[in-house]
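Computed over heavy atoms, backbone and side chain alike; hydrogens, waters and symmetry mates excluded. Residue numbering restarts at 1 for every chain, and letters A, B, ... go by the order of the sequence lines. On a predicted model such as this, the values are computed, not experimentally measured, just so you know.
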There are 2 protein chains.
Amino acid sequence: MTILRSSHRLPAATPERGIPDATVARLPVYLRALNALIEQGTGTCSSNDLAAQAGVNPAKLRKDLSHLGSYGTRGVGYDVEYLSYQIAREIGQTQDWDVVIVGVGNLGSALSAYQGFSTRGIRVAALVDTSPERIGTEISGITVSALQDLTAIVAEREIAIGIIATPGEAAQKVADALVEAGITSILNFAPALVQVPEGVDVRKVDLSIELQILAYHEQRKAGLDKVVNG
Amino acid sequence: MTILRSSHRLPAATPERGIPDATVARLPVYLRALNALIEQGTGTCSSNDLAAQAGVNPAKLRKDLSHLGSYGTRGVGYDVEYLSYQIAREIGQTQDWDVVIVGVGNLGSALSAYQGFSTRGIRVAALVDTSPERIGTEISGITVSALQDLTAIVAEREIAIGIIATPGEAAQKVADALVEAGITSILNFAPALVQVPEGVDVRKVDLSIELQILAYHEQRKAGLDKVVNG
DNA sequence: AAGAGTTTGTGAACGCGTTCTCAAAATCGA
DNA sequence: TCGATTTTGAGAACGCGTTCACAAACTCTT
């Protein structure tokens, strides 16, 4: 999970609010919690309520929200709809974001059909692959294009975000192609590091590593059992 | 991403090494980097080499490794095979870990076919679903079982790790079933928080949130462009 | 109007993780 | 053997993020 960001110093006109990365990562969680509250008809909630719903410490929630502004009322709490809108605006969810998925193997296909994206302002706009058997086929209602057409597709549909869902060996080549095509944010599911130029953000999701971390703790638990019980 | 750990104070026999969470999360990355070095025939490497391969700061790498012990030689570096083995042992990768996947929709199916698991000591041992149409079908060579049979399957195959790949609404029910069945580590792909008793570890991977974080930075870049260019 | 009760927003303390730095330990060449 | 060079391991400084704690601001009751 590597985030590269150019840290331009800006003129005073732009307040350079600089929301901490840790906070940014939690805002979508709060948004989801708020939507749950809206659905169950809640009009107002305290930081305690919302924190419980989001699974965080209330103080942390308030500190996070304080980075956006003062959207609560002391003694009352937060207006659920209002706060929801403010967070959505802050993280750019008042617009839809088109993404292109490169690699339509099992994982890429699953992602292209993922239900959770549409309600979060994410739209899978294009699928790309290198395999001749896959190019031209239709997956989740989208025709798979050739990697060569990436630049044209990205330009035409103004896509800013790309997803790498290829094997590890292809990841760097695909990342280069994405950057070349004008993509400036990449979500990388391939088990490999990718190098990108300054100004391009990369986040990495590594399925094996998540399980390996669990396995470590699991082994630790087993070891403790042996010490305690045996 | 919530990790609950019982913090037993142990007798001196077990040193209670307590490797920091941040380090644990990077050990699999180092392992992957080391395997890459092994494949290209490297016998020894410095912390600089390995750090470059893993994409981290050399000082961080050395600090991380120092938590495991002193496996390097000053003036020389690390023996690649030896260090690889030591890390593998530390994170429990000298044995295979069986996992059960609950929910064989698009994502669950993709995970069950994921190539990256086997080389990392992860074996998908069972698939479970609630949908009658899916139960009994074969996916990636594994017959899908009913959720009711979970306890029997977990017990029989001594599975410790479960993966939730269901819609958000089903997540808590599935988590309860997994805990009931004896699972003590859960990787949750469903877009929902799950509550588990003490002693059970849960890690969460949220695909939408990863993209929403990228969208935030993307929006920020677009905003800066406007300020700078026009 | 005033006091009791809530709840936010934030300064301050704290803790964890990262990075800097350098002594200690090894190799190598003369 | 000795000095030059390389590289690890770890102490110390630093910075970020979390949590505590409380004043400020609001509602409600009397």
Side-chain angles (χ1 to χ4, degrees), chain A residues 1-5 7 15-27 29-30 33-34 37 42-80 82-84 86-87 90 213, chain B residues 1-5 7 15-27 29-30 33-34 37 42-80 82-84 86-87 90 213:
Chain A
M1 205 155 49
T2 310
I3 302 297
L4 305 171
R5 235 189 319 166
S7 56
E16 172 82 66
R17 286 198 256 38
I19 299 178
D21 286 350
T23 297
V24 171
R26 281 188 295 267
L27 290 178
V29 178
Y30 301 153
L34 284 166
L37 290 175
T42 310
T44 293
C45 71
S46 69
S47 61
N48 270 316
D49 301 338
L50 184 53
Q53 184 76 225
V56 302
N57 182 305
K60 187 192 287 188
L61 169 69
R62 291 201 301 275
K63 176 74 78 180
D64 282 342
L65 295 183
S66 76
H67 288 114
L68 313 188
S70 287
Y71 297 133
T73 310
R74 295 174 189 219
V76 178
Y78 300 93
D79 182 290
V80 174
Y82 181 61
L83 182 59
S84 170
Q86 291 299 341
I87 295 179
E90 190 70 42
I213 293 170
Chain B
M1 202 155 52
T2 310
I3 302 296
L4 305 171
R5 236 190 317 167
S7 56
E16 172 82 65
R17 288 197 254 37
I19 300 177
D21 287 350
T23 296
V24 171
R26 281 187 295 266
L27 290 179
V29 178
Y30 302 154
L34 285 167
L37 290 176
T42 310
T44 293
C45 71
S46 69
S47 61
N48 270 317
D49 302 338
L50 184 54
Q53 185 75 226
V56 302
N57 182 305
K60 188 191 286 187
L61 170 70
R62 290 202 301 274
K63 177 72 80 179
D64 282 341
L65 294 183
S66 76
H67 288 115
L68 313 189
S70 289
Y71 296 133
T73 309
R74 295 174 190 222
V76 179
Y78 300 93
D79 182 290
V80 174
Y82 180 61
L83 182 58
S84 170
Q86 291 299 341
I87 294 179
E90 190 69 43
I213 294 170

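- Of the side-chain N and O atoms in A:Y78, one or more sit less than 4.0 angstrom from OP1 or OP2 of C:dG9.
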Side chain to side chain contact (heavy atoms under 4.5 Å, CB included), that's the test. Do A:L37 and A:Q53 meet it? Break it down for me. CA-CA 8 Å; A:L37 290 175; A:Q53 184 76 225; 3.8 Å; yes
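- Summary of the strand contacts: A:T73 and A:N57 both lie near DNA chain D, and taking for each the nucleotide with the nearest heavy atom, the more 5' one is attributed to A:N57.
- Taking atom NZ of B:K63 as the reference point, atom P of C:dT18 lies 11 Å away to the nearest angstrom.
- Of the listed nucleotides (D:dT7, C:dT18, C:dG9), D:dT7 has the atom at the smallest distance from the side chain of B:R74.
- Atom CG of B:D79 is separated from atom P of D:dT8 by 13 Å (rounded to the nearest Å).
- As a whole-Å value, the separation of B:D21 CG from C:dC16 P is 10 Å.
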Using side chain to side chain contact (heavy atoms under 4.5 Å, CB included), reason through B:T44 and B:T73 one step at a time and then give a plain yes or no. CA-CA 10 Å; B:T44 293; B:T73 309; over 6 Å; no
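- Across D:dT18, C:dG9, D:dG9, the shortest atom-to-atom separation from the side chain of B:S66 is found for D:dG9.
- OP1 and OP2 of C:dG11 both lie 4.0 Å or more from every side-chain N or O belonging to A:R62.
- Using a 4.5 Å heavy-atom cutoff, the side chains of B:I87 and B:L34 are in contact.
- Among all heavy-atom pairs drawn from B:Y78 and B:S46, the shortest one is CD1-C, 4.4 Å.
- Contact of the B:Y30 side chain with the B:L61 side chain is registered, since non-hydrogen atoms from C-beta on lie closer than 4.5 Å.
- Summarising the geometry, the separation between NZ on A:K60 and C1' on C:dG15 is reported as 13 Å, rounded to the nearest angstrom.
- Nearest to the side chain of A:S46, among C:dT18, C:dT7, D:dT27, sits C:dT7.
- In this entry the distance linking CG of B:L50 with P of D:dG9 reads 12 Å, nearest Å.
- Of the side-chain N and O atoms in B:S47, none sit less than 4.0 angstrom from OP1 or OP2 of D:dT7.
- C:dT18 atom C1' lies 13 Å from atom CG of B:L61, rounded to whole Å.
- Taking for each of A:T23 and B:N48 the nucleotide of DNA chain D with the nearest heavy atom, the 5'-most of the two is the partner of B:N48.
- Among the nucleotides C:dT18, D:dG17, D:dT7, the one closest to the side chain of B:R26 is C:dT18.
- Atoms CG (B:L65) and C1' (D:dT7) sit 13 Å apart, rounded to a whole Å.
- For the pair B:Y71 OH and D:dT7 P, the interatomic distance rounds to 22 Å; values are reported in whole Å.
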